Amino acid sequence: MSEYLFSNLTPDLILDAIESLGIYPESGLLALNSYENRVYQFLADDGQRYVAKFYRPQRWTNAQIQEEHDFSHQLETAEIPIAAPLNFDNKTLFNYQGYRFALFNSVGGRIFEVDNLDQLEVLGRFIGRLHQEGQKAPFKYRPQLSTEEFLINAKENILQSDLVSHAMLLPFTTVLDQVSELTFEKYVPFNEIRLHGDCHAGNILWTGEELMFVDLDDARQGPAIQDLWMMLSGDRANQTLQLDTLLCAYQEFCDFDYRELQLIEPLRAMRMINYMGWLAKRWHDPAFQRNFSWFASDKYWEQQVLALKEQLAALHEPALTLTP
């Protein structure tokens, strides 16, 4: 099955897949904000709200998805709030007419506020607990966070897409090569553990006194700082305060290697380039062309040249420092 055949995932097929598990939707299907996979919320006849997640074909192997599910359940057993897949007859991953899917309880909450120090302190504790579990054993099937995937492969996807116009190609590739070269030099992880992998505000719900992690779809091996640096924003002084807040709470549960602070800007550069590569790779999916139409415009690539120049300057700056 081509990875772009989500067009065959009709409402009838979705409903039939859900009902194959003995869950019977009573409401319509509400499509949630997901482009990599297809995710739908619904109310069932048992009065419960559920979320059905249909995995993009050919992205992960069954073993890699199951390893994500198993990690979710390990965290849930450790009483770490996580949206874990539901178990039916000792299975969490299902296949219906070629589409792999899982079912989750629907969880609610407010968007996490990255500029709220009280919420950051709570998050630091929860990430510390997550990493306490994550370092108990490595992933066997899921990948590492690597420069090969996030820089080399991403760059190939961008250039092979032919979306960068001839006028923008030279200035874009020039700064892209400079950022990539310096990132290769600086990204030297010291220790790699199981991570959430994509720990940004959109994947955290605030429920009042606690938070809930959602979406372990990008879980992988990597340095602990990967699950922390995306919470940093503003100028250097603000980022230092935010980082200190996070790490003071984090270290109540898990030790932190302060050498990893020098990985923040290389990881930021990898995320920037990988995001462009992800959009280029998925460009044949109609959902991407519909929702990211600006990606093919010269204005977007002009903005990326400026953003990469700023990131190149950041890579040359001294890393953030804190006193252990």
Side-chain angles (χ1 to χ4, degrees), residues 30-41 49-56 59-60 65 68-69 71-72 75-76 80-85 102 104-127 129-131 134 142 145 150 154 194-220 222 224-234 238-239 242-243 245-246 250 264 267-279 281-282 285 287-288 290-292 294-295 300 307:
L30 175 64
L32 300 183
N33 187 27
S34 176
Y35 302 106
E36 188 67 359
N37 304 297
R38 296 295 185 265
V39 184
Y40 305 91
Q41 183 187 75
R49 289 195 179 275
Y50 296 94
V51 169
K53 176 179 179 180
F54 289 81
Y55 291 88
R56 179 174 290 272
R59 184 185 181 215
W60 297 121
I65 296 174
E68 171 211 331
H69 289 188
F71 187 38
S72 295
L75 297 177
E76 188 177 52
I80 298 170
I82 182 80
F104 302 77
N105 284 318
S106 179
V107 295
R110 301 194 306 274
I111 295 175
F112 183 80
E113 301 172 12
V114 294
D115 58 349
N116 185 316
L117 292 180
D118 291 334
Q119 291 187 20
L120 277 179
E121 184 177 358
V122 175
L123 177 63
R125 293 192 187 97
F126 277 93
I127 295 178
R129 291 175 61 197
L130 189 154
H131 287 182
R142 295 187 74 83
L145 198 161
F150 282 68
R194 288 178 297 174
L195 303 171
H196 181 288
D198 194 25
C199 194
H200 59 78
N203 282 334
I204 304 167
L205 294 176
W206 181 253
T207 61
E209 296 298 327
E210 290 192 337
L211 52 79
M212 170 76 71
F213 290 110
V214 297
D215 195 5
L216 280 179
D217 200 59
D218 286 296
R220 60 184 65 225
I225 193 65
Q226 168 65 10
D227 280 349
L228 295 161
W229 75 264
M230 279 182 267
M231 295 298 115
L232 309 181
S233 61
N238 277 327
Q239 290 190 41
Q242 293 157 359
L243 184 61
T245 301
L246 280 167
Y250 177 96
I264 292 176
L267 284 167
R268 194 190 310 275
M270 290 164 67
R271 186 172 179 84
M272 291 172 63
I273 295 169
N274 184 63
Y275 180 72
M276 289 184 274
W278 173 66
L279 290 175
K281 184 178 181 179
R282 298 289 186 245
D285 183 332
F288 279 71
R290 186 167 57 248
N291 290 284
F292 302 98
W294 39 261
F295 184 66
Y300 172 78

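When reading the values below, keep in mind they use all heavy atoms of this one structure, side chains included, and skip hydrogens, waters and symmetry mates. If you're wondering where the values come from, they're calculated on a predicted model, not measured in any experiment. All residue numbers in this chain count up from 1 along the given sequence.
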> Hey, does the side chain of Arg49 reach the backbone of Gln41 with a donor-acceptor pair shorter than 3.5 angstrom?
Replying inline: no
> Partners of Arg129 by salt bridge (Lys or Arg N to Asp or Glu O under 4.0 Å), sequence neighbours excluded?
Replying inline: none
As an exercise, state the distance from [atom1] of [X] to [atom2] of [Y], rounded to the nearest 0.5 Å.
X      : Y      : atom1 : atom2 : result
Arg110 : Leu211 : CZ    : CG    : 11.5 Å
Asp215 : Glu36  : CG    : CD    : 10.0 Å
Glu210 : Arg125 : CD    : CZ    : 11.5 Å
Asn33  : Asn291 : CG    : CG    : 8.0 Å
Ile80  : Met212 : CD1   : CE    : 12.0 Å
Leu195 : Asp227 : CG    : CG    : 4.5 Å

[X] versus [Y]: any side-chain heavy-atom pair under 4.5 Å?
X      : Y      : result
Val39  : Phe54  : no
Lys281 : Phe288 : no
Phe213 : Ile127 : yes
Tyr50  : Ser106 : no
Val114 : Leu123 : no
Ile204 : Cys199 : yes

With [X] via side chain to side chain contact (heavy atoms under 4.5 Å, CB included) - residues at least two apart:
X      : value
Asp218 : Arg59, Asp198, Arg220
Met272 : Ala307, Leu308, Gln311
Asn116 : Glu113, Asp118, Gln119
Ala83  : Val214

>> Among residues at least two apart in sequence or on other chains, which ones pass ring pair (Phe, Tyr, Trp, His ring centres under 6.0 Å) with Tyr275?
In response: Trp278
>> In terms of relative ring orientation, are Tyr250 and His131 parallel, tilted or perpendicular, with 30° and 60° separating the classes?
In response: perpendicular
Which heavy atom in [X] sits nearest to a heavy atom in [Y], and how many Å separate them?
X      : Y      : result
Phe104 : Ala102 : CE1-CB, 3.9 Å
Arg38  : Ala287 : NH2-CB, 3.5 Å
Arg56  : Asn37  : N-OD1, 3.0 Å
Phe112 : Ala201 : O-CB, 3.9 Å
Pro81  : Phe126 : CD-CE2, 3.1 Å
Leu117 : Thr245 : O-CG2, 3.6 Å

> Can you list the steps and then say if Asn203 with His196 is a side chain to side chain donor-acceptor pair (under 3.5 Å)?
Replying inline: CA-CA 10 Å; Asn203 282 334; His196 181 288; 4.7 Å; no
> What do the steps show when you test His200 against Arg271 for side-chain contact (heavy atoms from CB on, under 4.5 Å), and what is the final call?
Replying inline: CA-CA 12 Å; His200 59 78; Arg271 186 172 179 84; 3.5 Å; yes
>> In this structure, is the centre-to-centre distance between the rings of Phe292 and Tyr35 below 6.0 Å?
In response: yes
>> One pair to check against side-chain contact (heavy atoms from CB on, under 4.5 Å): Leu216 and His69. What are the steps and the verdict?
In response: CA-CA 8 Å; Leu216 280 179; His69 289 188; over 6 Å; no
> Could you walk me through whether Leu130 and Ile82 pass the side-chain contact (heavy atoms from CB on, under 4.5 Å) check?
Replying inline: CA-CA 10 Å; Leu130 189 154; Ile82 182 80; 5.7 Å; no
>> One pair to check against side-chain contact (heavy atoms from CB on, under 4.5 Å): Gln242 and Met231. What are the steps and the verdict?
In response: CA-CA 8 Å; Gln242 293 157 359; Met231 295 298 115; over 6 Å; no
